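Presented below is the structure to which this report refers.
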There are 2 protein chains.
Amino acid sequence: MECPKFAVSVDLVVLTVRDEALCALVVRRGVEPYRGAWALPGGFVLDDEGLEEAAARELAEETGIRPGSVHVEQLATYGSPGRDPRTRVVTVAYLALAPDLPVPAAGSDAADARWCPVEALLAGDELAFDHAAILRDGVERARSKLEYSPLGAAFCAEEFTVAELRRVYEIVWGARLDPRNFHRKVTKTEAFLEPTGATTTRDGGRPAQLFRRGSAEHLHPPLLRRTT
Amino acid sequence: MECPKFAVSVDLVVLTVRDEALCALVVRRGVEPYRGAWALPGGFVLDDEGLEEAAARELAEETGIRPGSVHVEQLATYGSPGRDPRTRVVTVAYLALAPDLPVPAAGSDAADARWCPVEALLAGDELAFDHAAILRDGVERARSKLEYSPLGAAFCAEEFTVAELRRVYEIVWGARLDPRNFHRKVTKTEAFLEPTGATTTRDGGRPAQLFRRGSAEHLHPPLLRRTT
DNA sequence: CCAAAAGTGTTCGTGCTACACCCATGT
DNA sequence: ACATGGGTGTAGCACGAACACTTTTGG
């Protein structure tokens, strides 16, 4: 077929909440271009490999994250002619929301990998390619997702308390929420949380019920930021 | 660089409201594969051409739509290995919301182009490639957009009445809305509508005020479908 | 007992729904 | 006059914000 052919890659915005901050996974580039700079994990799509499949493979390769424990969704595609100095590369970005995991193992072409607060990454100018813009879009998507879906729980461990979930919202949104109203809201919303029956005192004070992620996909009505 | 290279195309889900139905623009394929079948308008991205740029070019080529009059946004990217029988093609889908326009002129490689109700397109099995899935995603995105953004007005002519805007919502959502409450909601929402000062009696009855699209990007609070 | 955090009850404001009602035009 | 649709007023309800208050643990 007579048409231009481009390299196609996937890049991952992997977000988690740790140390009271929203953090993204970044890898130190071991090869040119941008050697030594931080970049989002990612790589080229292989022949006969689907996009989602490529994203899952890269996630596993560069982070050791097992697919079942994280939420992954397509974010957007970036293909400006000049975004990669080597050649034309179109990249499909994926957004992954993960619980707080140990620092991942470095992959083959990544000299180093670490969690870094998104605030620092977006304020600085250290990210390779157009990865700062991709990260910005991913963070904005994540913030919206918390409003309209129960995906805040994707940042929590398998079993978690309402207070832990609330901390996720507060950190991602950068806003304080009333603990009592938040509790009522999330426990009353059908299929948001599934009680385990167990309790924990790890947060201090009166024992808190433990929950698992429920089966709900959407939130009706949504949990809105700022009441305007 | 040692990596697979793929053809990259853009496909357009161009939606409008006409004849009391949500319609999509489809073109009759003049070449193999799927010769004679309906498909979404689209084409390959050229060297040194951005994705958004390619989408705008295809929109102009195949429909004659001038860029300023429609809303265009990226929808999603589809790249399953088998989605095009010829070779590996990754397609970036764009969603365009347009007012009711005359039937567009056929483009170079499109034997015929027409508006077709999405209901019929999704019910039948006439769309080439995975375009039915892309259209379904586009329609779902459009439905959500009406809730959280003032983009319903993108389906209206430059100047429109509140009743015309309401019909758009009713047709896209497939639900009836209370005319009085809808009127209050959209006119009270800051920057949703900009009054022109003129009136029209084209809908019959008492003259209705004419409005233009306002400058708002988002709706707070949203205009929700079903009250659960 | 006290501190701390979980969880409940209650009040108040706001926004949506439903519908009664009036307004301004065409025929 | 009357039909038709535009537009306003208002009562009732649902839900979120704010906060007083009770519950249950650890120290």
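The shown structure was predicted, so the numbers you read here are calculated from the model rather than taken from an experiment. Computation of the quantities below employed the complete heavy-atom set of this structure, encompassing side-chain atoms and omitting hydrogens, waters and symmetry-equivalent molecules.
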Hey, does the side chain of [X] reach the backbone of [Y] with a donor-acceptor pair shorter than 3.5 angstrom?
| X | Y | result |
| --- | --- | --- |
| B:R28 | B:G36 | yes |
| A:D178 | A:R180 | yes |
| A:T91 | A:S9 | yes |

List the steps and the verdict of salt bridge (Lys or Arg N to Asp or Glu O under 4.0 Å) for A:E126 and A:R29.
-> CA-CA 11 Å; A:E126 308 170 285; A:R29 283 185 62 80; over 6 Å; no
Atom pair distance, as rounded to whole Å: [atom1] in [X] and [atom2] in [N]:
| X | N | atom1 | atom2 | result |
| --- | --- | --- | --- | --- |
| A:L219 | D:dC15 | CG | P | 13 Å |
| B:L177 | D:dG7 | CG | P | 16 Å |
| A:R225 | D:dG16 | CZ | P | 17 Å |
| B:E147 | C:dC16 | CD | P | 13 Å |
| A:R176 | D:dA17 | CZ | P | 14 Å |
| A:H220 | C:dC16 | NE2 | P | 15 Å |
| B:L193 | D:dG6 | CG | P | 14 Å |
| A:R202 | D:dT25 | CZ | P | 16 Å |

On DNA chain D, nearest-nucleotide positions of B:R167 versus A:T201: which is more 5'?
->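 Result: B:R167.
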Which class fits the ring pair A:H131 and A:F129: parallel under 30°, tilted 30 to 60°, perpendicular over 60°?
->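 Rings of A:H131 and A:F129: tilted, as their planes differ by 30° to 60°.
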Do any side-chain nitrogens or oxygens of B:K185 fall under 4.0 Å of OP1 or OP2 in C:dG15?
->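 No, B:K185 has no side-chain N/O under 4.0 Å of OP1/OP2 on C:dG15.
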Short N-O contact, A:R167 and A:E164, less than 4.0 angstrom |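 Salt bridge flag = no for A:E164 with A:R167.
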Could you encode protein contacts along nucleotides 1-10 of chain C as a string, one character per nucleotide from 5' to 3', using B for base contact, S for sugar-phosphate-only contact and - for no contact, with a heavy-atom cut-off of under 4.0 Å?
-> ---BBBBBBB
